[in-house]
Each structure stands twice: as C-alpha cells, then as structure tokens.
Amino acid sequence: MANVVAYHRPSSIDGALLLLGRTDVESRVLAGGTDLIGRGDESAAFEAVDLQDAGLGLVHLGDSRAMLGATVTLDQLARHDGLPDAIRDAARRELPSTLRTQATIGGTICAAESESEFLATLLVHDPVVEIHGFDGRRELPLPQVWAEPHHLRGRIITAVSIATDGETRADRTARTPADRPIVAAVARRPGDGRIRLAMSGVAPTPVLIDDASGVRPRGDFRGSAEYRRSLAVTLAARVSGAL
Amino acid sequence: MSMTTNTMISISITLNGTPVTAECEPHEVLRTVLRRLGCFSVKFGSDSGETGAGAVLLDGLLVSSDVVLAAAADGHEVMTLEGFSQMREDLDPIQAAFMAVGAFQSGYSAGAMILATKALLDRNSNPTETEIRDALSGVLDRETAYVKVVEAVQRAAAARRGDVPQPFGPLILPPLTDGVHAVAYDPQPTAAGVSAAVPRLIPSRDVPEMAVVGKPEIKVDALKVARGNPAFVDDIELRGMLHARVLRSPHAHARIVDIDDSAAVALPGVHAVKHYKNTPRVMYASGGQSWPNPFPYDQVSFDNKVRHVGDRVAAVAAETPEIAAEACRLIKVTYEVLPFILDEREAMSDGAPVIHDEADAVEIHDSSRNIVHHIHAQTVNDADLETAFAHADHIFEQHFRVHQVQQVPIEPHICIGWLDEDERLVLRTSTQVPFHARRMVAPLLGLAVKDIRVIKPRIGGGFGAKQEMLLEDIVGHLALATKRPVRLELSRAEEFMSSRTRHPQTITYRTGVMNDGSLVAQEFSIIGNTGPYGTHGFTVQNVTGLRGLSSYNCPAKKFDCKVVYTNIPVPGAYRGYGAPQAEFALEAHMEDIAIALGRDVIDFKRQNWVKVGDKLDIVMFLGERGTIEPEDVDPATFPPVMTSGIEECVAQGMRAIGWHRRDEPDWVAPPDRPHIRRGIGFAFCMHGTAIPFLDMGGCSIKMNDDGSFNVMAGAADLGTGADTVLAQIAAEVLGVTIDDIIMYTGDTDMTPFDVGAYASSTTYISGMAVKKAADVVRQRIKERAARLLGVQEPCSIVLRDRRAWAPDGTSVSLEDIGLNSLHTEDQEQIMGTGSYVSADCPPPFAAQFAEIEVDVQTGQVTVIKLVMAVDCGVAINPITASGQIEGGMLQALGYAHTEEFAFDETGRMVNAELGPYWIYRSDDAPATEVFLVQTMEDSGPFGAKAVAEIPKDGVAPAMRNAILHCTGVAINELPFTPERVYNALRAAEVR
C-alpha cells in the first residue's frame with residue numbers, strides 16, 4: 001500500500017510544477033496509479049500530485065505524427081482508430097482491461113519497464129517527449145529521457161509525439177499469448193525506408209538496436225541472459241524479414 | 001480540490017446514481033471507501049489490482065479500484081454491482097445470463113465480471129468472442145475456464161438486443177461405444193458448432209429418469225452472488241474491530257535469539273503483540289484432517305525459530321491496518337541466520353542443515369537427516385519383485401521432477417474472530433474444514449472445543465489451500481488477548497509465501513514389460529518435499545503412491561517414498577492432492593514405453609489400464625494405518641473397479657480433438673509456418689472418490705409449514721456448486737423442486753459434523769448423508785400422508801410435484817402435511833438426520849487430450865485446445881460438473897505451463913505477485929470441450945462419483961506427450977516454459 005500522506009489535484013501544469021518544486025516535502029506525480037499506488041510500499045511517505053485535471057488527456061493527429069497527451073490512457077490509445085494499428089495493439093497488450101483504463105502513456109514512460117512491448121513499439125515510432133518545467137519546455141527523444149533522467153527532475157512529461165506512417169511488424173516470446181513477453185521485437189519501415197528495430201526484455205529499458213546479436217540482457221527466472229540473447233536474434237530476424 | 005496533508009479528505013462521488021459524500025484518508029484506495037459505504041461486492045484480491053476482484057465502473061470505464069486513490073475519484077461517477085439492484089427489483093439481463101449458464105462458481109468476482117460485461121455491451125452491442133475475452137482480461141477467475149462466462153456475455157448481449165434466451169442445458173449425445181469395448185476411430189466431430197460452454201452428456205441406459213437429479217438446475221446460491229449480497233467472510237461490520245498483521249521472517253532459516261516488542265506495544269492504537277515469548281507452546285499439525293491428525297506435530301503458534309521466508313514471527317492487533325503495520329516494523333527481532341535448503345534432493349545430504357532440531361516435535365522419522373516420513377508399500381515382497389523384473393523382456397527407468405505451485409484462490413485467507421455474548425470464541429473464516437479447524441485450534445488457545453464456534457460463510461475458492469488451520473489460532477490468540485473483534489487477511493504476497501502450495505517431488509519409475517506389452521513389475525520411488533512443516537506431507541505422498549500405482553494392472557508393484565523437510569514455503573493440500581504429480585510421471589513413462597515398443601500409445605495404455613472387475617491392489621497397502629506386508633493381506637479383499645466409462649471417454653475425446661491429424665505431416669509441420677510444429681497428446685486419468693472408512697458427513701433436514709425444507713449439512717461449498725448438488729439430492733428424494741430447499745452449511749454450532757470439502761468427497765459422502773436424512777423425512781411424510789389420505793400402506797405413497805400421492809390418484813400437498821404436522825393433529829416436527837461414511841472409493845475415469853503448437857526456434861508452446869471426457873458416474877448437475885472440469889483443466893494447465901515458484905539466493909520467492917506468477921486469463925485461455933460420460937455407480941447418491949479433482953490430473957502429461965509427438969523431444973520436468981522447451985530442443989539437436 002502506497003504511503004500517500006497528502007493528495008493534490010492541480011488544474012494546470014504550472015500548478016503541478018509548483019507542488020512538485022517544493023523542497024520540504026517528497027512529492028510524486030500521480031498519473032494512472034497502476035504503478036505508484038498498485039505497487040507502492042508503505043515505507044516511503046509522499047504527497048501525490050494528480051494530473052487528471054491538468055489538461056493532458058487529449059490525442060491530436062497530424063499528417064504524419066500524432067501528439068499524445070501524457071495522461072492519455074492505454075485504453076484510449078487502443079481504441080483510437082486514427083493511430084497506427086501497431087500502437088493500438090501494443091497498448092491493448094500492455095495491460096488487462098481493468099488496468100489499461102488507468103495506466104497512462106506518461107506513467108508508462110516513467111516506469112520504463114524493460115519488458116514493455118508497448119514501449120518498444122513506441123520506440124520505433126520516433127517518439128519525442130515533451131517536458132515542461134519552470135525553465136521552459138523541451139523536447140527530447142525518448143531514449144534520451146531514459147538515459148538522462150535529470151531532465152525529469154522537478155519537471156513533468158506533458159506529451160509524446162510519435163510518427164504514424166510506415167509499416168510495422170512485431171513478434172514476441174511469452175509463456176502465453178497474453179503474458180508479458182520475455183523478449184519482444186518490433187520493426188518499422190517508415191517513408192524514409194530505414195528500418196527501426198526495437199526490443200524489450202534485453203536491456204534495463206526497451207531499446208532501439210541495430211544488431212540483435214550485440215544485446216547484453218540480464219537474466220531472470222523467466223529467461224536467462226543467454227536465452228534472451230537467442231530470442232533477440234531470432235525475433236529480430238523475423239520482424240525485419242517480414243517488412 | 002484543496003491541498004490536504006495527513007488529514008481526512010472529504011470526497012463527493014455519484015455512487016450508483018446517488019450523490020454521496022465520504023471521508024477518507026489520503027492513502028486510502030477507492031475499494032476501501034466503497035466497502036465502507038456498504039458496497040461489499042467490491043472485493044479484495046490484490047493491492048496491485050491484477051485480480052480485478054475490486055473492479056468498478058468509473059465514469060463508465062472498468063477500473064481496478066485497488067489502484068485508484070479514493071481522493072482521485074472525487075467528482076466522478078462510480079458504479080458497483082449494488083447499482084444494479086438499486087436500479088431495478090428484477091434482474092438485469094446480464095445478471096440473469098450469468099445465473100442461467102452457471103458462470104459463477106464462488107462468485108467472489110461476480111461484481112467485476114458483471115460490470116466488465118456492462119462496460120463492454122454499453123459500447124458494443126454485438127461483441128465478438130475475442131472482444132469479450134479482452135473485456136474480461138482484467139478479471140481473473142481461478143474457478144472457471146471463462147467458457148461459461150463468455151457464454152453469459154453472449155447471451156446477455158443477445159437479450160439486450162431483444163432475443164429471447166433459450167434454456168441452457170447439456171447436449172445429449174449418443175454413445176459411440178458399447179461402454180466396454182473400443183471402437184474404430186471416426187474423424188467426424190460429434191458436436192460441431194455447439195457452444196463450448198455446453199457440456200456434452202452421454203447418458204447411460206443404467207441410469208433411471210429422475211426429476212431433479214441430473215438436471216441443469218440454476219445454482220441455489222446464484223441470486224445472492226449475482227446481486228452482490230454480502231455473503232463472504234469480510235462482508236460484515238463489527239463494532240470496535242481490530243486489524244491484525246503478522247510479522248514474517250525475512251530469512252529462509254534462522255533462530256530467533258530475542259524479540260523486543262516494547263516499542264510496538266507502546267505505539268498508540270496497538271492492543272496486543274503475540275510471539276513466542278508470550279504464547280503457550282503447544283505442538284500441532286496444521287493440516288485439516290480427521291482426528292487424530294497425522295504426525296508429525298512440528299508447529300507451534302509462534303516459535304523461536306523460522307524455517308522459511310514468510311514464516312510467522314509475531315502478530316499484532318491494532319486499531320487500524322496502518323498502525324498494525326507500523327507496530328510490526330517496530331518489533332526488534334534478533335536472528336541467528338542459519339544455512340537453508342530448497343531442493344528435496346539435497347535435504348538428506350551429509351551436512352545439510354537440520355530444520356527441526358527442537359526436542360518437543362512429535363514423530364519425525366529422522367530429524368537429523370530432515371526425513372519426516374519413510375513410506376513404503378508393495379504388493380509382493382522384494383525377492384518376487386526382482387524376479388519379475390528379471391523375467392521382463394524390457395526394463396524402462398525414467399526420472400521426473402515436478403515443481404511447486406500455489407492454489408491462488410482469488411479470495412485470500414481471511415478470518416474474523418470475536419467473543420460472543422456467552423464469551424465463546426466465534427471464528428468466521430474462509431476454510432474448507434470448519435469442524436477440523438474448531439477441534440484443532442482449541443488446544444492452542446487453551447479452550448474446550450465447545451467454547452468455539454467456527455462459521456464458514458461463502459468462500460471465494462480454496463482448492464485445498466484452505467484445508468488448513470492457518471489463521472484461526474492467530475486470530476484466536478489476539479481476540480482472547482484484546483476481548484475485541486479481530487480481523488486478519490493475507491496479502492497476495494503472503495498468500496504465496498505464507499499459506500500453502502503443491503508439493504514438489506523427484507520421481508523415479510522403473511517398469512518391467514513383456515514383448516506383448518503387458519506390465520510385469522513396476523517400482524515407483526519419490527522424494528517428496530514438504531517444506532518446513534509436515535502438515536499434509538504424509539497423506540499427499542500416500543496419494544501420490546496410490547495414484548501412481550493404481551491406473552495400470554501389474555502383478556508386482558512397489559512404492560518407496562521419503563518425505564523431507566526443506567525451507568521452501570509450506571506445501572499442503574492442493575486439488576489433486578498428490579495425484580497430478582504421479583500422473584504426470586506415469587503418463588509420460590507409459591507414453592515413452594509405448595513408443596519404444598513401437599506401439600500405438602492409446603492401444604498400449606488400453607492394454608494395461610484397469611477395467612471393470614480388475615482389482616485395485618496397492619490401495620490395501622497404503623494409508624494411515626502404516627506399513628502392511630504383502631503376506632498380511634488377502635488378495636480377495638482387494639477392491640474391484642465396479643464402473644468405468646473410459647472407452648466411451650476415449651472415443652468421444654479422440655473425435656473432439658481430431659486425433660487423426662497426428663498422422664498428417666502437413667498438419668504437424670505446416671509448410672507456411674516453418675518454425676511451428678503442431679501436436680496432440682493424450683493422458684489416461686483415474687482418481688478416487690473420498691477416503692473410505694474415514695471421510696464422514698452429516699445432515700439434518702426439517703420440514704416447514706409451507707412444505708419447504710431446511711437442509712443443514714456440515715459440508716463446505718467453496719463455490720463448487722456443492723450446496724446446489726446437495727439441494728438437488730434432497731429435492732429428488734422429497735418430491736419438490738430445489739426452490740423448496742433452503743441450504744445452510746458449514747457452521748459448527750448449527751449443522752451436523754462433516755470432515756469438510758476435500759478428497760473429492762462432498763457429492764459422494766455429504767450427498768449420501770443428505771439422501772439418508774431425506775429418506776427419513778420422506779418416510780415421516782408418507783406416514784402422515786397415508787393417514788390424511790386414508791391409505792393403509794404408507795409405502796404406497798409417492799412424493800412428486802410438492803404433493804404426496806396415493807395409488808388411487810388422490811393427493812395432499814406438502815404444505816398441508818406441514819401445517820397438519822406442526823399445528824393441528826398429533827403435532828410433531830418432521831425431521832430427519834443422516835450421516836455417511838463409505839466403505840468404497842469408486843474411481844472416476846477420464847480421457848484428457850491437448851492440442852498445442854511449438855515454436856521450435858524459441859521454445860514457446862501455445863495451447864490451442866483441451867478436451868476432457870469424464871466418467872464421473874451420474875453428474876447430479878451437468879452444468880456445475882462441467883464447470884468444475886473446465887476450471888480444473890485450466891488450473892492444471894497453469895501447473896503444466898506457466899506457474900512456478902522462483903527463488904533468489906536468500907531463499908525468497910521473487911515472483912510472489914500475479915503477473916510474474918502467471919495464471920491463465922480470459923484472453924489467453926485455450927478452447928475447451930467437456931464430455932460427461934454417465935455410468936451408474938451404485939455406491940454413490942443416485943449414481944454419482946467424484947468430479948472435483950480428476951481435471952487436475954491429465955493436462956500436464958497430455959501437453960508433454962503432445963510436445964513429444966510433434967518435436968520428438970521428451971521433457972520430464974515441469975513447467976513447460978519457453979526456455980525449458982528451448983533448451984530441450986537444442987539438447988536434442990546436439991544429440
């Protein structure tokens with residue numbers, strides 16, 4: 001049970017930044033709650049800053065890109081017929097029906113789970129993350145956000161922009177068809193013809209890769225490092241070959 | 001909303017259409033507040049929301065209320081199952097559809113399922129099955145295989161569109177065999193196009209026509225479940241109730257050098273802290289079994305040693321769960337950490353840590369080597385056995401390893417205890433064994449049995465995990481110490497690490513076979529891992545021996561078993577009770593022998609499996625009576641098989657699975673999918689029905705003024721449909737419908753004794769007790785009816801259609817008889833009691849088939865379809881029986897495929913949450929098809945045998961044999977996870 005000692009629901013991004021910027025209390029962004037509340041522990045007390053009224057829940061479609069508000073839920077993505085099928089399918093696969101209605105794209109990015117096929121799918125769609133702070137607005141490629149987490153300190157993800165063109169293929173190995181994949185591979189060939197290949201389950205976060213044989217995964221009870229490496233090579237070849 | 005820190009928050013929601021204001025704390029989730037507002041249909045399954053038991057509609061969207069802060073719901077609309085009842089007096093089409101098809105078993109997650117259906121149908125009036133399964137994917141159901149749930153959603157959708165639903169019942173199919181002999185295989189499916197939710201029923205000419213028994217009656221408890229009425233343990237409110245929490249061991253094996261509870265005791269709001277220093281040391285065995293409980297007695301309520309991660313250290317009762325948790329953190333425990341062992345194969349090694357070194361444990365076989373029991377049984381002496389092996393044309397020896405899994409009831413263990421107005425201790429608890437629990441907890445609390453009342457209300461699944469006295473002593477200690485009501489509920493992680501699991505085993509089979517395929521000698525050796533405590537270790541391993549040496553005829557058999565201690569979370573009873581382990585190894589072993597001999601696998605097994613008239617010899621040498629030498633048993637006393645429908649089961653199952661495809665190369669290796677291989681596997685299954693001369697059930701029945709009847713039975717319905725089956729039996733005898741039967745079960749003050757719900761015994765044992773009690777009542781009714789009708793011979797009276805009929809066609813209603821007996825003439829309470837203990841243990845039989853696909857490049861196995869054809873005698877209710885089979889198969893598939901305990905280097909389970917520990921969901925459950933093959937078992941009530949556990953036996957070997965069929969690779973260790981299969985495939989390539 002998460003040790004939430006106070007709850008705030010700011011009605012603007014600036015209001016949220018004010019709350020998060022306090023130095024005398026531990027504050028955390030509450031997006032969907034599937035991670036922060038569902039997997040919280042009792043030891044660390046914090047104040048929750050709920051973004052549900054901050055106006056970040058919309059999807060805007062452009063010619064070849066879409067802007068996804070940070071509190072857009074995976075369920076919204078799965079149902080949005082203007083988005084690429086690969087994004088919709090990955091959003092549906094990410095969580096079961098009771099949780100995908102709550103989990104948000106911003107929260108999912110912050111959780112950065114290694115085995116998230118949805119995030120791997122996002123990666124091949126050239127995602128650019130919009131971040132707001134009191135020092136202004138910045139846009140960063142998603143891999144850079146994960147590599148340089150200081151960009152999020154005291155700031156808020158407000159949106160993610162993704163490419164919507166091209167063809168995508170995905171494959172995965174899991175215990176069952178609905179289980180979180182041990183390793184998943186997603187490949188996309190956009191208009192420029194250069195294939196983007198991303199994988200989950202082979203690094204601390206999902207990653208864009210050029211050569212699957214070079215991955216250095218950590219093993220766990222669902223798949224040893226050696227096995228994950230083998231899957232990476234096999235699945236990468238399949239999805240790339242299918243394009 | 002304004003900022004609020006460490007104070008109560010006032011939230012306003014629209015709850016089921018009504019504006020509501022509620023106070024909550026910042027950390028409280030929506031589930032907690034909704035339950036406080038009286039919405040008891042919102043259930044706890046896990047804090048992470050993965051079970052979906054707490055799902056509600058938030059602004060029309062299905063959400064897990066476990067992960068929504070109550071404060072975050074402020075300003076929103078919330079709907080729970082209670083909202084349906086507030087909207088209308090009659091049933092919503094969704095509720096009606098779920099009831100009609102038997103989609104609920106325990107119904108613990110009924111609210112979530114119905115709301116998921118509403119959310120789906122509100123946006124999609126005609127969903128596909130894939131869309132339905134996706135919509136239900138967040139609501140885990142451990143009891144069904146989602147088959148009837150999907151059917152219910154489809155029927156609800158049709159009803160909403162204005163279609164009139166057809167009655168739901170079994171599809172009657174003609175037999176394919178004469179009941180005895182095999183027939184030539186015909187590839188035409190027998191029930192093409194019929195919904196998978198419909199059980200296929202193959203009647204027997206031996207079964208007479210009955211009015212209620214054998215009919216697809218709607219469950220007697222369906223309405224309260226569909227409405228979400230408060231029925232479960234936690235659905236009560238008691239003034240001044242305290243919340244308990246258990247401090248658990250972080251170490252797999254350690255001695256507690258000291259406990260300092262002073263800071264915890266001093267914490268405001270803490271009322272009691274119990275641990276080894278302030279609790280009487282009374283040795284016991286926690287397994288819920290008949291008196292005297294099998295040895296060893298190796299547990300105490302709180303010990304000065306911990307033997308697994310999650311073991312009890314101390315318990316706290318406090319004003320709130322948060323204070324109890326804080327108090328646990330304040331207890332200072334000084335540990336001397338000891339070496340530990342997890343693998344049963346290492347437990348007996350020289351230098352292995354001794355897990356039970358206490359002086360007061362009772363009847364451990366060899367504690368210095370961690371050997372709890374040494375069980376052996378043989379039908380011939382050693383010399384004769386070796387002679388038989390020496391004469392065999394072939395000897396096959398194989399080794400198998402089966403692993404640890406958990407029952408995962410969606411309702412975790414929960415117990416609420418208080419002192420009543422007579423200062424007796426009342427324990428309202430989620431148990432399968434209320435009477436055993438009362439007897440077993442009494443000495444630990446220093447109370448007489450008569451000073452305790454155990455109530456088993458509605459239970460949200462058990463599967464054996466609740467055949468234990470697990471929480472009752474803790475709650476009892478705390479309630480007695482505080483004189484306040486005390487509530488203790490396990491978290492999901494505690495349910496994994498601190499309740500009960502299935503025993504891992506290391507198994508060896510050695511079998512001597514002649515060239516003609518007949519078995520001449522069979523030796524079955526196992527090391528059973530009972531974890532840190534004996535509990536069910538002896539009896540489970542006994543059943544492994546029994547099941548492993550009963551299915552096939554063989555003149556010389558030997559079973560040898562060592563049950564050993566380790567430091568894994570505690571194994572105990574789990575549906576199947578030792579049989580799934582044995583039958584995995586046995587059916588794999590027999591498959592491999594058949595292939596080695598060049599035989600058709602079914603023909604080879606058929607040649608050897610037991611048939612009507614064959615004697616079941618090994619049963620006479622196993623059990624709780626200790627070792628019996630072959631010379632001391634008269635073979636004439638071996639019980640024979642009296643009924644078997646296995647040939648019909650095999651014939652129906654082969655057609656349903658499409659057995660002929662095994663021989664089509666393009667089907668096995670589809671040219672357009674080069675990395676896929678398809679396989680079909682088979683397993684022969686045989687189980688038992690109750691424990692002869694031990695399992696006993698009691699029942700009392702009384703007649704009311706209006707001709708209805710109260711049936712009070714000690715049996716424990718866990719959601720299995722037992723109450724319905726017992727009501728059908730009573731109704732059949734008394735000539736009424738089940739609407740006239742009011743069931744009340746599982747209350748030690750109010751109902752007769754029953755051993756409880758285990759060993760596939762309820763229908764057979766408790767059912768016969770009900771039948772006997774009903775027979776007594778029927779006789780009294782007939783006597784009074786004869787007097788009222790002027791008939792000389794009461795035996796000529798027939799009860800039918802709520803009336804008593806004389807041979808001349810005159811009749812009197814049961815209501816008139818009830819009024820006459822209670823109010824007007826020679827008054828008496830018409831009532832009867834019955835109890836039953838069986839001398840028999842008639843085996844149900846089944847044919848299990850599995851169709852799978854193997855990705856030979858990755859090792860991923862996808863299960864496409866499971867077919868099970870079961871001879872369970874007469875299914876008293878074909879809908880509930882088929883629901884048991886469907887749910888059992890899917891649970892068994894988890895055992896075969898996905899479920900496992902994984903440990904880190906400290907002995908801590910690393911996947912003690914749902915997700916990492918994967919149980920099948922609605923959107924990945926394979927297709928299933930169930931056949932009920934009738935036989936008339938004369939020893940059972942109206943011909944019934946058991947059905948509850950046999951679905952657990954065949955899935956793992958059928959899946960293993962399917963993998964073998966299509967890849968040529970035999971895997972003798974469970975589960976068939978992708979990496980294990982991948983490694984096996986690669987190893988075979990290397991060879």
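Residue numbering restarts at 1 for every chain, and letters A, B, ... go by the order of the sequence lines. Reckoned from all heavy atoms, side chains included, excluding hydrogens, waters and symmetry mates. Remember, predicted model here, so these are calculated numbers, not experimental data.
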Side chain from CB out, backbone as N, CA, C, O: work out which of these in A:Thr73 comes under 4.5 Å of a heavy atom of chain B, or both, or neither.
-> neither
Tell me, for B:Tyr920 versus chain A, whether the close heavy atoms (under 4.5 Å) come from the side chain, the backbone, both or neither.
-> side chain
Can you measure from OG1 (A:Thr98) to CG (B:Leu115) and round to the nearest 0.5 angstrom?
-> 12.0 Å
Around atom CZ of B:Arg123, are there more than 12 heavy atoms of other residues, nucleotides or ligands at under 6.0 Å?
-> yes
Closest non-hydrogen contact found for A:Pro96 with B:Glu50 is CG-OE1, 4.4 Å
B:Tyr917 OH to A:Phe221 CZ distance, which is reported to the nearest 0.5 Å | 10.5 Å
Top contributor to chain A interface from B:Leu69, B:Leu120, B:Val863 [non-hydrogen pairs under 4.5 Å] | B:Leu69
Output for pair (A:Arg172 CZ, B:Thr858 OG1), nearest 0.5 Å, gives 11.5 Å
What part of A:Ile182 lies closer than 4.5 angstrom to a heavy atom of chain B: side chain, backbone, both or neither?
-> side chain
Of all heavy-atom pairs linking B:Gln860 and A:Ala174, the shortest is OE1-N, 2.8 Å
With respect to chain B, which residue among A:Glu226, A:Arg92, A:Arg180 yields the maximal number of heavy-atom pairs within a distance under 4.5 Å?
-> A:Arg92
With a 4.5 angstrom heavy-atom cut-off, could you sort out which part of B:Glu25 is near chain A: side chain, backbone, both or neither?
-> neither
Contacting moiety of A:Ala45, where chain B heavy atoms sit under 4.5 Å | neither
Using a 4.5 Å cut-off on heavy atoms from C-beta on, say whether the side chain of B:Leu136 contacts that of A:Ser97.
-> no
Side chains of A:Val5 and B:Pro26 in contact at under 4.5 Å (non-hydrogen atoms) = no
Using a cut-off of under 4.5 Å for heavy-atom pairs, which of B:Arg329, B:Glu900, B:His675 has the most such pairs with chain A?
-> B:His675
Segment of B:Glu322 engaging chain A (4.5 angstrom heavy-atom cut-off) | side chain
Between B:Asp134 and A:Arg100, is there a salt bridge with N-O shorter than 4.0 Å?
-> yes
Beyond-backbone contact of B:Val67 with A:Gln102, side-chain heavy atoms, under 4.5 angstrom | yes
Do A:Arg175 and B:Glu899 sit within salt-bridge range, that is, some charged N less than 4.0 Å from a carboxylate O?
-> no
To the nearest 0.5 Å, atom CZ of B:Arg986 lies from atom OG of A:Ser230 at 7.0 Å
Between B:Leu61, B:Asp855, B:Asp923, B:Leu140, the one whose heavy-atom pairs under 4.5 Å with chain A are most numerous = B:Asp855
Chain A heavy atoms under 4.5 Å from B:Ala325: which part of the residue, side chain, backbone, both or neither?
-> side chain
Interface moiety of A:Asp75 toward chain B, non-hydrogen atoms closer than 4.5 Å = side chain
Do the side chain of B:Ser64 and the main chain of A:Leu99 share a donor and acceptor less than 3.5 angstrom apart?
-> no
Taking the side chain as every heavy atom from C-beta outward, state whether A:Asp179 and B:Thr898 have any pair of such atoms under 4.5 Å apart.
-> no
Give, for atom OG1 of A:Thr173 and atom OH of B:Tyr982, the distance between the pair rounded to the nearest 0.5 Å.
-> 10.5 Å
If you take all heavy atoms of A:Ala2 and B:His27, which pair is closest and at what distance?
-> O-CB, 3.6 Å
Lys/Arg-Asp/Glu bridge criterion (N-O < 4.0 Å) met for B:Glu979, A:Arg228 = no
Short question: side chain of A:Arg9, backbone of B:Asp74 - any donor-acceptor pair under 3.5 Å?
-> yes
Residue part contacting chain A, namely of B:Pro975, when any heavy atom lies under 4.5 Å = neither
Rounded to the nearest 0.5 Å, how far does OG of B:Ser137 lie from CZ of A:Arg93?
-> 12.0 Å
Picking from A:Arg238, A:Arg222, A:Arg39, which has the most non-hydrogen pairs under 4.5 angstrom with chain B?
-> A:Arg238
Between B:Val981 and chain A, which part of the residue has a heavy atom less than 4.5 Å away: side chain, backbone, both or neither?
-> neither
Less than 4.5 Å apart, any side-chain heavy atom of B:Val68 and any of A:Ile37?
-> no
Count the heavy atoms of every other residue, nucleotide or ligand shown that sit under 6.0 Å from CG of A:Asp211, and state whether that count exceeds 12.
-> yes
